[in-house]
Amino acid sequence: MRQRRAELARLRELGRDPFRATRFDRTHLATEIRDAFDSLEGSSTRVAGRLTAQRRHGKATFADLQDSSGTIQLLFRLDGVGEKKYGQVAELDDGDIVGAEGTVCRTRTGEVTVAAADFVLLAKALRPPPEKWHGLRDIEIRYRRRYLDLIANEEARRVFQVRSGVIGSIRRFLDERGFLEVETPMMQSVAGGALARPFITHHNALDIDLSLRIATELHLKRLIVGGMERVYEIGRVFRNEGVSTQHNPEYTLLEAYQAYAGYQDIMELTETMVARAAEEVLGRLKLTYGGKEVDLTPPWRRVPMVEAIVERAQVAPEELHSEEAARRACQRLGLPAAAEMRLSTMVNNIFDHFVQPKLIDPTFIVDYPTAISPLAKAHSDNPELAERFEPFAGGMELGNAFSELNDPEEQRRRFEEQARSRLAGDEEAHPMDEDFLLALEYGMPPTGGLGIGIDRLVMLLTDSSSIRDVILFPQMRPHPK
RNA sequence: GAGCCGUUAGCUCAGUUGGCAGAGCACCGGACUUUUAAUCCGGGUGUCCUGGGUUCGAAUCCCAGACGGCUCACCA
């Protein structure tokens, strides 16, 4: 670092400021040259990128140049670039940004190489890049200084290419099905649409507190009322909750709403959309997550929540129908069973602990308790259960969907019920939203809605065990190391 | 929020019973015109996470704290 600063000062004194360049015309990316070697051999190309390794042999020097596509070998020879320029080759450091013009050739060992006729230092690296053989392992530096992770680790680059590909695939899919992509407010005076604690901020000019959104649901449904009929939004939502391998305070949520569709239709949409993203981005439907096989081929299994519990946990069906029995079951299983806990909460806890981790192949768990689904329409023949499903795969919950509750009076009762929970101390209970109720009173068609956690979907498709591996800049406690 | 583990050179990591701070890569000097973890010769560049304590002496033992990882709890 000290030496590199001195070198930089020397270059500047010589009138060769390495930060003066504003552009460089390049003709090919590294992998384009490798892929089209047969047609490019012998012709001149211009490449640019970061030097990641150098092998000096006196009057010849090999170097690896990394660009967004991959790496290509450069060859500088004394009689190729001339004596004056070859002297500058010795000044190059690993990490420097270099542009080179030269002839495409193959070396004795068969390596596709650009034999430089000329080159230019486009930017100086004052700090050396991470070690070339072991790469960058320190997980904290990988998250805090993602650029180093991207320079050093091929796998990190791949993960974010997959992420971009998945989002692109989903957009195309929904666009083809006639969905309109929209943007709704991130700052809201009532943060609804999910059961979570919001971040609060303040608008100075209006002198009002605002919440960062925890979901896009209630605004997208307003658009359904407005006749948009098929809408979606892919956007960041913010939840003031704990951080874990599956939770980041801000994460990317896809929500889609389709008028005149029920939750069965949304299941078809979900499995088709995810399978297509996997097919387009990975080229396959069968993958491995955490060492386990996952087959995304539709149709996915549909299992009512209660059946899934009976099937996977040591619980009898009758234990899921009365508060007394469920409490005893929770005690037996070592789960919280406080006297004020409601049946639906206890059933949900049993599910989360004993069933979810076992849902490796994609599965739709259907028919959640209405009591924990304040925005979902209840089954007409069993008001205790909602027309709701959650997709699971790789032991992860990937989303949440239902036939949307469109009865404004019933919605008001649900909100009032939530308000009672809130008064009882449940900070995640859904807040009353009069403006949303007003919209429902104008009439919302029967509608199916879906939310998918994009980060978790990308985790599944990239075999990532932590959500931080699929978010470029995950939330970290500030601590410049 | 709780438990366990981790933090040593730019990077990857050793460091024995408490006794001069180490290796590889990178870097600096030298040799070398087809290497690819180039090779060969020479050179160690450090707030051992921070602050206390014990001790003749602490990277090492004790206490407190910071940051991170994993697991658990709440959430998607």
Side-chain angles (χ1 to χ4, degrees), chain A residues 1-4 6-7 52-65 71-81 86 89-90 93-95 105-113 115 125-145 148-149 151-153 193-198 214-215 237-255 334-336 345 348-349 352-353 356 390-392 396-401 426-428 451-457 459 465-468 474 476-481:
Chain A
M1 175 89 177
R2 202 181 312 123
Q3 285 149 342
R4 290 191 182 202
E7 171 69 6
T52 55
Q54 298 173 77
R55 294 171 290 282
R56 299 176 187 282
H57 299 263
K59 300 188 179 67
T61 296
F62 293 92
D64 295 334
L65 188 78
T71 63
I72 185 91
Q73 178 169 263
L74 299 181
L75 170 58
F76 302 101
R77 298 196 326 159
L78 178 62
D79 44 15
V81 297
Y86 194 78
V89 172
D93 290 311
D94 284 358
C105 64
R106 226 186 249 284
T107 63
R108 251 175 232 170
T109 54
E111 180 83 10
V112 174
T113 298
L126 287 178
R127 295 174 187 270
E131 204 246 4
K132 63 187 175 189
W133 184 242
H134 296 94
L136 181 65
R137 298 255 179 82
D138 187 312
I139 196 89
E140 185 170 352
I141 298 180
R142 289 185 51 213
Y143 295 153
R144 287 189 193 274
R145 297 194 246 166
L148 294 180
D149 187 31
I151 289 170
N153 298 322
L195 307 179
R197 295 166 63 182
I214 57 174
V237 298
F238 308 86
R239 299 191 179 181
N240 207 338
E241 314 270 356
V243 175
S244 80
T245 50
Q246 290 189 36
H247 300 87
N248 195 64
E250 53 179 306
Y251 72 100
T252 301
L253 181 64
L254 159 70
E255 287 199 41
L335 294 176
T345 308
N348 204 39
N349 281 347
D352 285 349
H353 279 87
Q356 176 178 328
E390 291 196 349
F392 291 84
M396 281 187 292
E397 180 183 345
L398 295 179
N400 187 14
D426 181 359
E427 289 184 71
E428 288 168 6
I452 291 281
I454 295 294
D455 314 271
R456 288 191 186 170
L457 178 59
M459 285 171 69
S465 59
S466 171
I467 197 169
R468 295 184 199 94
M476 303 284 274
R477 202 180 280 273
H479 172 65
K481 195 175 172 180

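Scope of the values below: all heavy atoms of this structure, side chains included, with no hydrogens, waters or symmetry mates.
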Task: Base rU34(B) paired with E111(A) side chain (donor-acceptor, <3.5 Å) - done: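 Check fails, no donor-acceptor contact within cut-off.
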TODO: Establish whether the base of rU35(B) is bridged to the side chain of R55(A) by a donor-acceptor pair shorter than 3.5 Å.
DONE: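 By the distance-only test, yes, there is a pair.
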Task: ring centroid sep under 5.5 Å plus plane angle under 30, Y251(A) with rA76(B) - done: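 Check passed, Y251(A) stacks on base of rA76(B).
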Gap between atoms [atom1] and [atom2], on [X] and [N] respectively (whole Å):
X: L75(A); N: rU33(B); atom1: CG; atom2: C1'; result: 8 Å
X: H57(A); N: rU33(B); atom1: NE2; atom2: P; result: 10 Å
X: I139(A); N: rC67(B); atom1: CD1; atom2: P; result: 18 Å
X: L74(A); N: rU33(B); atom1: CG; atom2: C1'; result: 16 Å

Write down the distance separating the [atom1] atoms in [N] and [M], rounded off to the nearest Å.
N: rU8(B); M: rG42(B); atom1: C1'; result: 26 Å
N: rG3(B); M: rG65(B); atom1: P; result: 11 Å
N: rC70(B); M: rA31(B); atom1: C1'; result: 50 Å
N: rA23(B); M: rC32(B); atom1: C1'; result: 26 Å
N: rC48(B); M: rC4(B); atom1: P; result: 27 Å
N: rG44(B); M: rU60(B); atom1: P; result: 26 Å
N: rC56(B); M: rU39(B); atom1: P; result: 49 Å
N: rA21(B); M: rG15(B); atom1: C1'; result: 9 Å

Distance from [X] atom [atom1] to [Y] atom [atom2], nearest 0.5 Å?
X: I214(A); Y: L195(A); atom1: CD1; atom2: CG; result: 7.5 Å
X: L65(A); Y: L74(A); atom1: CG; atom2: CG; result: 5.0 Å
X: C105(A); Y: E111(A); atom1: SG; atom2: CD; result: 10.0 Å

Strand partner of [N], provided both Watson-Crick or wobble distances fall under 3.5 Å:
N: rG68(B); result: rC5(B)
N: rC74(B); result: none
N: rU17(B); result: none
N: rA38(B); result: none
N: rU47(B); result: none
N: rA58(B); result: none

- [ ] Say whether, by atom type as modelled, one donor and one acceptor occur between the side chain of N153(A) and the main chain of L136(A) under 3.5 angstrom.
- [x]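 It does hold such a pair.
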- [ ] Examine distances only and state if a side-chain atom of E241(A) and a backbone atom of R197(A) form a donor-acceptor pair shorter than 3.5 Å.
- [x]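 The answer is yes, because a donor-acceptor pair under 3.5 Å joins these two groups.
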For [X], report the nucleic acid contact type (base, sugar-phosphate, nothing); a contact means any heavy atom under 4.0 Å.
X: N248(A); answer: base
X: D93(A); answer: sugar-phosphate
X: L195(A); answer: sugar-phosphate
X: R456(A); answer: base
X: G399(A); answer: nothing
X: R106(A); answer: nothing
X: T245(A); answer: sugar-phosphate
X: E397(A); answer: sugar-phosphate
X: R197(A); answer: nothing
X: M476(A); answer: sugar-phosphate

Counting only side-chain heavy atoms from C-beta out, which of [options] sits nearest to [X]?
X: D138(A); options: rU12(B), rU35(B), rA26(B); value: rU12(B)
X: L136(A); options: rU33(B), rC11(B), rC74(B); value: rC11(B)
X: D79(A); options: rU33(B), rA37(B), rC25(B); value: rU33(B)
X: Q73(A); options: rA37(B), rA26(B), rU35(B); value: rU35(B)
X: E428(A); options: rC11(B), rC74(B), rA76(B); value: rC74(B)
X: R108(A); options: rG69(B), rU12(B), rU34(B); value: rU34(B)

- [ ] Let me see the working for T61(A) and Y86(A) under side chain to side chain contact (heavy atoms under 4.5 Å, CB included), right down to the final yes or no.
- [x] CA-CA 9 Å; T61(A) 296; Y86(A) 194 78; 2.9 Å; yes
Open item on the list: Measuring only between side-chain heavy atoms, which start at C-beta, is M459(A) closer than 4.5 Å to T245(A)?
Closed with: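 No, their side chains stay 4.5 Å or more apart.
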Open item on the list: Whether the Y251(A) and R456(A) side chains hold a donor-acceptor pair (N or O, under 3.5 Å, no angle test) is what I'd like checked.
Closed with: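 Judged by distance alone, the side chains do not pair up.
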Task: 5' priority, RNA chain B, between P130(A) and A60(A) [closest heavy atom] - done: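 Result: P130(A).
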Task: 5' priority, RNA chain B, between T107(A) and E241(A) [closest heavy atom] - done: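 Looking at the nearest nucleotide for each, T107(A) comes out on the 5' side.
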Under 4.0 Å between a side-chain N or O of [X] and OP1 or OP2 of [N]?
X: R477(A); N: rG68(B); answer: yes
X: R127(A); N: rG10(B); answer: no
X: H134(A); N: rA26(B); answer: no
X: R4(A); N: rU45(B); answer: no
X: K132(A); N: rA26(B); answer: yes
X: R144(A); N: rC67(B); answer: no

Task: Heavy atoms of other groups near R55(A) CZ, more than 12 under 6.0 Å - done: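 Yes, because the 6.0 Å sphere around CZ of R55(A) holds more than 12 heavy atoms from other groups.
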